[in-house]
Amino acid sequence: MSGNQETSSLPSGITFVGGGNMARSLIAGLTRAGVPTSSIEVVEPQVALRQTLQQEHGVRTASAIASAALDGQVVVLAVKPQVMAAVCAELAPRLAAGTLIVSIAAGITLAALRDWVGTGAVLVRAMPNTPALLGAGMTGLYADAEVGSADRQAAQAILAGAGQTRWIDEEALMDAVTAVSGSGPAYVFALAEAMEDAARAQGLPDEAARQMVVQTILGAARMLAEGGQSAGALRQAVTSPNGTTQAALETLADGGFHELVGNAVAAAAQRGRELAGAG
Ligand SMILES: NC(=O)c1ccc[n+]([C@@H]2O[C@H](COP(=O)([O-])OP(=O)(O)OC[C@H]3O[C@@H](n4cnc5c(N)ncnc54)[C@H](OP(=O)(O)O)[C@@H]3O)[C@@H](O)[C@H]2O)c1
């Protein structure tokens with residue numbers, strides 16, 4: 001696996017099919033990275049979203065694949081998994097041979113995409129997460145051995161504007177990526193909710209509870225990201241023998257915290273496999 005960032009390989013023309021939350025995050029990253037807005041086209045059926053895309057990002061828009069220019073080297077599929085088969089059926093006859101298709105749909109396998117778009121396109125799967133909205137996302141990428149380095153770099157460059165990227169060696173591991181980084185922000189939000197409730201239960205006012213929890217998570221995340229120490233080493237460093245932190249961590253251990261997180265991630269990965277099977 002590799003985590004190299006690559007922004008120098010940005011393609012000169014990109015069509016997004018689907019102009020929802022994730023597409024807008026990626027477009028914001030692309031424009032921050034200097035991609036001219038005239039080279040980005042978005043196919044989006046909702047008129048209000050098309051207006052937002054034009055006003056906030058200055059990109060070209062189309063209401064349907066049939067009326068899209070599709071003049072770029074890359075198509076990013078950013079629609080919900082449920083509509084992906086229908087979108088690909090519409091797209092397939094309009095694709096030039098060798099077009100790079102990057103799918104960000106959860107659980108849609110390369111085999112399914114290949115069935116739907118035919119053999120002419122080059123396919124890459126990507127799994128971003130919602131912090132992409134702030135340019136702080138984490139994306140897992142997968143392509144099979146037939147995909148060359150120029151296409152890999154182009155796909156990675158599109159996602160790199162929205163945060164960090166990492167290639168995954170086996171497609172089956174995309175379910176693990178979905179379970180860890182795709183769904184992961186929700187686990188942190190659940191922890192924040194529980195800590196805020198606990199803070200209030202200890203008598204802290206609402207605003208103080210929120211500020212203390214948010215800044216604690218932010219500060220701890222920065223120590224993890226910037227300090228170079230493992231999570232375990234950082235935990236030990238703040239746990240004095242018989243102190244307050246030890247009392248809390250023992251309570252978490254007694255409640256099976258570590259195993260519970262493991263089971264939660266396993267359940268998410270299993271759900272991903274089921275959804276892929278259903279696709
Ligand atoms: N949000 C996340 O955290 C996240 C993380 C990783 C991956 N993803 C994946 O990213 C994809 C997009 O997610 P999202 O959160 O951006 O969803 P979203 O906000 O619902 O955006 C999808 C957009 O595509 C539009 N659309 C539907 N049919 C279309 C068609 N035939 N042609 C063009 N556009 C069409 C939808 O319009 P209507 O609403 O009118 O249908 C909607 O505006 C999903 O496959 C999801 O699995 C999301």
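Just follow the structure's listing: the first ligand is 1, and inside any ligand the first atom is 1.
- In this structure, G182 falls outside the shell of residues with a heavy atom less than 4.0 angstrom from ligand 1.
- The contact set between ligand 1 and V87, taken as ligand atoms under 4.0 Å from a residue heavy atom, comprises 30 (C), 31 (N).
- In terms of protein heavy atoms, atom 25 (C) of ligand 1 is closest to E44 OE1, 3.4 Å.
- With I40 as reference, L30 is the one residue of L30, L53, L26 to meet the side-chain contact (heavy atoms from CB on, under 4.5 Å) rule.
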Query raised in the report: Should Q246 and S240 be marked as a side chain to side chain contact (heavy atoms under 4.5 Å, CB included) after you check the CA-CA gap, both sets of side-chain angles, and the distance that decides it?
Result: CA-CA 7 Å; Q246 185 175 336; S240 323; over 6 Å; no
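- Between atom 45 (O) of ligand 1 and the options V79, V83, I104, the minimum heavy-atom separation is to V79.
- Near P81, with a cut-off below 4.0 Å to any heavy atom, the atoms of ligand 1 are 44 (C), 45 (O), 47 (O).
- Here the protein heavy atom with the shortest distance to atom 40 (O) of ligand 1 is Q46 NE2, 3.2 Å.
- Look at R210 and E207 and you find no salt bridge, because none of the NZ, NE, NH1 or NH2 atoms lies under 4.0 Å from a carboxylate O.
- Below 3.5 Å of separation, one finds an N or O of N21 facing an N or O of ligand 1.
- At the top of the distance list for atom 34 (N) of ligand 1, counting protein heavy atoms only, stands P45 CD, 3.1 Å.
- Atom 31 (N) of ligand 1 is approached by the protein to below 4.0 angstrom, counting heavy atoms only.
- Less than 4.0 angstrom separates some heavy atom of V17 from each of these atoms of ligand 1: 32 (N), 33 (C).
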Cut-off 3.5 Å, no hydrogens considered: what does the side-chain donor-acceptor table look like for residues 65-87, sequence neighbours left out?
from : atom 1 : to  : atom 2 : distance (Å)
S67  : OG     : A64 : O      : 3.2
D71  : OD1    : R60 : NH2    : 3.2
D71  : OD2    : R60 : NH1    : 3.2
Q73  : OE1    : S12 : N      : 2.8
Q73  : OE1    : S12 : OG     : 3.0

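- One N or O on the side chain of T239 and one on the backbone of R235 form a donor-acceptor pair closer than 3.5 Å.
- Polar contact with ligand 1: absent for N129 (N/O pair, distance under 3.5 Å).
- Proximity of K80 to ligand 1, defined as any heavy-atom pair under 4.0 Å, is shared by backbone and side chain alike.
- Scanning the protein heavy atoms around atom 2 (C) of ligand 1, the nearest turns out to be M22 CE, 3.3 Å.
- With L100 as the partner, the side-chain contact (heavy atoms from CB on, under 4.5 Å) test is satisfied by one option alone out of I14, I158, V124: V124.
- Looking at R125, its side chain does come within 3.5 Å of a backbone N or O of I108 through a donor-acceptor pair.
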Query - side chain to side chain contact (heavy atoms under 4.5 Å, CB included) evaluation trace for Q51 with T61 - result: CA-CA 9 Å; Q51 278 165 359; T61 63; over 6 Å; no
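- Set against the non-hydrogen atoms of L49, the atoms of ligand 1 under 4.0 Å away are 43 (O).
- Between A106 and ligand 1, at least one pair of N/O atoms sits closer than 3.5 Å.
- In terms of hydrophobic clustering, with Ile, Leu, Val, Met, Phe, Trp and Tyr side chains grouped at heavy-atom distances under 4.5 Å, L252 and V261 are assigned to a common cluster.
- Side chain of R152 to main chain of V147: a donor-acceptor pair is present (N/O by atom type, distance under 3.5 Å, no hydrogens or angles).
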Query - Steps toward side chain to side chain contact (heavy atoms under 4.5 Å, CB included) verdict (T139, M127) - result: CA-CA 5 Å; T139 298; M127 174 48 60; 5.6 Å; no
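- Residue M127 touches ligand 1 through its side chain alone, judged by heavy-atom distances below 4.0 Å.
- Ranking protein heavy atoms by distance to atom 6 (C) of ligand 1, first place goes to P128 O, 3.0 Å.
- Using a 4.5 Å heavy-atom threshold, the side chains of E41 and V59 count as separate.
- Taking atom 12 (C) of ligand 1 as the reference point, the nearest protein heavy-atom neighbour is A78 O, 3.4 Å.
- Of all protein heavy atoms, the one lying nearest to atom 33 (C) of ligand 1 is V43 O, 3.4 Å.
- G20 CA, 3.2 Å is the protein heavy atom nearest to atom 21 (O) of ligand 1.
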